[in-house]
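Starting from 1, each residue takes its place in the sequence as its number.
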Amino acid sequence: IWCADHFGIGYERNVAPCGLWVNTEQDSDTDFVLRIEQGDFPFQTTVADMPGRRMGDEHRPDPSGASRLLPYEPGRGSMEGPDWIAAAIRHKRAIRYSDASSLNLLVYANFAPNGLNYKAIARKAAEPAAAFASAWVVTDNEICSVGPAASCGHLHALLRIYHPDEWPSL
């Protein structure tokens, strides 16, 4: 739900007014639907992460009971992130959804995206993204689309979702 909400805020601020409907049932390939003037667009969500990392690992103790700490590597996401995003899209493409050409894909970049470069993402991810109606990427505070322009819009740059003075408080 967080990814859909984050995407919706970024989409509305940078592309067009929209509404979202989140599918809370796991009865279809659709995680959420983007509703805009042009119609309704079904989305599937996936996560791009560092190889070997699983979401929430740092919150679980290791076998000895110690906290799992991830090394701080501030430049790793900007250097390798485009490959991780492309790999997440390739993984979804390999599932061979029955109607992938009408399914839109949202990739959540679950890594430190400091200095992530849109052109690098587009270069790495355009080919696997072409299997879907559209492919979008959200980070902790940026949004973009990859691949060709789609009927649900496009955003061929990494743009902010929140401005610094609007960042949600925890």
Side-chain angles (χ1 to χ4, degrees), residues 1-56 77-78 80-113 116-162 168:
I1 295 174
W2 181 88
C3 289
D5 181 54
H6 206 56
F7 168 79
I9 293 167
Y11 187 95
E12 188 157 271
R13 288 183 170 197
N14 293 291
V15 183
C18 69
L20 293 176
W21 171 77
V22 175
N23 182 10
T24 57
E25 306 295 322
Q26 293 300 313
D27 59 353
S28 74
D29 295 335
T30 302
D31 291 330
F32 69 94
V33 174
L34 170 71
R35 176 168 282 171
I36 56 175
E37 185 177 322
Q38 292 79 0
D40 291 349
F41 298 88
F43 273 79
Q44 172 76 213
T45 306
T46 192
V47 176
D49 213 334
M50 295 183 292
R53 180 175 179 242
R54 294 179 314 169
M55 192 173 272
S78 63
E80 298 177 51
D83 290 315
W84 302 336
I85 291 166
I89 297 171
R90 281 193 302 275
H91 176 76
K92 282 294 186 178
R93 180 182 66 185
I95 294 172
R96 300 191 183 277
Y97 293 101
S98 61
D99 199 11
S101 64
S102 65
L103 186 62
N104 300 275
L105 187 64
L106 175 62
V107 181
Y108 170 53
N110 186 38
F111 53 85
L116 199 56
N117 180 280
Y118 174 77
K119 288 182 181 179
I121 297 169
R123 186 174 60 252
K124 302 273 184 165
E127 185 271 325
F132 297 92
S134 72
W136 296 76
V137 177
V138 291
T139 70
D140 59 346
N141 191 34
E142 293 178 306
I143 183 173
C144 68
S145 62
V146 294
S151 53
C152 66
H154 59 90
L155 193 54
H156 295 295
L158 268 168
L159 296 179
R160 281 187 187 165
I161 295 173
Y162 297 104

Trainee: With rounding to the nearest 0.5 angstrom, report the CD1 to CZ distance, I85 to R90.
Mentor: 11.5 Å

Trainee: I want to check something: taking the side chain as every heavy atom from C-beta on, are D40 and L34 in contact at a cut-off of under 4.5 Å?
Mentor: no

Trainee: What I'd like to find out is whether the side chain of L116 reaches to under 4.5 Å of the side chain of L158, using heavy atoms alone.
Mentor: yes

Trainee: Output the distance between atom OG1 (T45) and atom CD1 (I1), rounded to the nearest 0.5 Å.
Mentor: 10.5 Å

Trainee: May I ask you to test the L105-S134 pair for a side-chain heavy-atom distance under 4.5 Å?
Mentor: no

Trainee: How close do V15 and G153 get, counting heavy atoms only, and between which atoms?
Mentor: CG1-CA, 4.5 Å

Trainee: I want to check something: taking the side chain as every heavy atom from C-beta on, are L20 and V33 in contact at a cut-off of under 4.5 Å?
Mentor: no

Trainee: What are the two closest heavy atoms between N14 and R160, and how far apart are they?
Mentor: ND2-O, 2.9 Å

Trainee: Can you confirm whether H6 sits close enough to Y108 that some side-chain heavy atom of one is under 4.5 Å from a side-chain heavy atom of the other?
Mentor: no

Trainee: Specify the closest pair of heavy atoms between A133 and S101, including all atoms of both residues, with the distance to one decimal.
Mentor: CB-O, 3.2 Å

Trainee: Describe, in one word, how the ring planes of W136 and F7 are oriented to each other, choosing from parallel (under 30°), tilted (30 to 60°) and perpendicular (over 60°).
Mentor: perpendicular

Trainee: Of all the heavy-atom pairs spanning C144 and A157, show the shortest one and how long it is.
Mentor: CB-O, 3.1 Å

Trainee: Show the numbers, then the answer: is there a side chain to side chain contact (heavy atoms under 4.5 Å, CB included) between F43 and T30?
Mentor: CA-CA 5 Å; F43 273 79; T30 302; 5.9 Å; no

Trainee: Show your working on side chain to side chain contact (heavy atoms under 4.5 Å, CB included) between Q44 and F132 and close with a plain yes or no.
Mentor: CA-CA 10 Å; Q44 172 76 213; F132 297 92; over 6 Å; no

Trainee: Atom OH in Y162, atom CD1 in I143: separation rounded to 0.5 Å?
Mentor: 11.0 Å

Trainee: Are any of the side-chain heavy atoms of S145 and H156 separated by less than 4.5 Å?
Mentor: yes

Trainee: For F111 and W84, take the angle between the two ring planes, folded into 0 to 90°, and tell me which bin it lands in: parallel under 30, tilted 30 to 60, perpendicular over 60.
Mentor: perpendicular

Trainee: Q38 side chain to C152 main-chain N or O, any donor-acceptor pair under 3.5 Å?
Mentor: no

Trainee: Without hydrogens or angle criteria, can the side chains of S28 and N23 be said to hold a donor-acceptor pair below 3.5 Å?
Mentor: yes

Trainee: Report yes or no: does T139 contribute a side-chain atom to a donor-acceptor pair with the main-chain N or O of N141 at less than 3.5 Å?
Mentor: yes

Trainee: Check whether any side-chain heavy atom of I89 lies under 4.5 Å from a side-chain heavy atom of V107, and answer yes or no.
Mentor: yes

Trainee: Using every non-hydrogen atom in the two residues, find where A4 and L106 come nearest and quote the distance to one decimal.
Mentor: N-CD2, 4.5 Å

Trainee: Would you call E127 and R93 a side-chain contact if the rule is heavy atoms closer than 4.5 Å?
Mentor: yes

Trainee: Taking all non-hydrogen atoms of both residues, which atom of L155 and which atom of Y118 are closest, and how far apart?
Mentor: O-CE1, 4.2 Å

Trainee: Supply the atom-to-atom distance D29 CG to I95 CD1, rounded to the nearest 0.5 angstrom.
Mentor: 8.5 Å

Trainee: Using atom types as modelled and distance alone, determine if a side-chain donor or acceptor of N110 lies under 3.5 Å from a backbone N or O of A48.
Mentor: no

